[in-house]
Amino acid sequence: MAIEQTLILIKPDGAFRKLTGLTIDRLDATGLEMVGAKMVCVTEKLARDHYASLSDKPFFEGLIKYIRGEFHGIKDHRILALVYRGENAIKAVRAVAGATNPEQAVPGTIRGSFGRITTTQQFENVIHASSDPTDAAREVALWFKKDEIIP
Ligand code: IDP
Ligand code: MG
């Protein structure tokens, strides 16, 4: 079993709807260790770098607005970015996160419990969680400096 690190972001809907504590509770229940945590201002550049692989999707511009807090009327929105570490951390966090589409996410998962699709078809799925080891390494390095993560 591989010891992995994975990046989690509590998205603006999660912060706005006061789901931060509930989300961390679900993440801690995995038994993984929280090794990084900070509030980050999501600049246009950071948002576009983070979601670069989705730039050709029809929902991309909406996604950039969403992750920057524009749909929730939050100026200079800060996101809580977390790094969890442990055995198969990437899969374990994806499992408690649930499916991307909150209407398809299993009840009891974070997205299944708290996510929604708005009337404008925007997915509000509460958290980001890295999807594989390559993405996780890239994303952890994008959001955190080395000395911000517990060794
Ligand atoms: P993931 O977050 O489960 O890894 P990705 O396919 O990487 O899913 O997409 C990143 C984010 O883009 C999703 O979490 C969601 O916020 C948004 N997204 C993905 N697919 C759609 C869609 O079909 N409509 C609207 N937003 C979407
Ligand atoms: Mg993804």
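Keep in mind the model is a prediction, meaning the values are calculated, not measured. For ligands, and for the atoms within them, numbers begin at 1 and follow the listed sequence.
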Give the atom numbers and elements of ligand 1 that come within less than 4.0 Å of a heavy atom of [X].
X      : answer
Tyr51  : 10 (C)
Arg94  : 1 (P), 3 (O), 4 (O)
Thr100 : 1 (P), 3 (O), 8 (O), 13 (C), 14 (O), 19 (C)
Tyr66  : 16 (O)
Leu54  : 9 (O), 10 (C)

Suppose we screen for ring pair (Phe, Tyr, Trp, His ring centres under 6.0 Å). Which residues come up paired with Phe16, at least two apart in sequence or across chains? His72

Does this structure show an ion pair linking [X] with [Y], if we count only N-O contacts that are shorter than 4.0 Å?
X      : Y      : result
Glu103 : Arg111 : no
Glu44  : Arg68  : yes
Lys38  : Glu148 : yes

Note the single closest protein heavy atom to [atom], along with its residue, its atom name and the distance in Å.
atom                    : result
atom 15 (C) of ligand 1 : Asn125 ND2, 3.6 Å
atom 23 (O) of ligand 1 : Phe123 CZ, 3.6 Å
atom 18 (N) of ligand 1 : Phe59 CE1, 3.4 Å

Which heavy atom of Tyr84 sits nearest to which heavy atom of Ala89, and what is that distance? O-CB, 4.1 Å

Are any of the N or O atoms of Ser131 closer than 3.5 Å to those of ligand 1? no

Under 3.5 Å between some N or O of ligand 1 and some N or O of Lys11? yes

Given the rule that I, L, V, M, F, W and Y join up when any side-chain heavy atoms are under 4.5 Å apart, are Ile79 and Val140 in one cluster? yes

For atom 2 (O) of ligand 1, which candidate among Gln122, Arg111, His50, Glu124 holds the nearest heavy atom? Arg111

Indicate whether any N or O donor in one side chain lies under 3.5 Å from an N or O acceptor in the other, for Glu139 and His128. yes

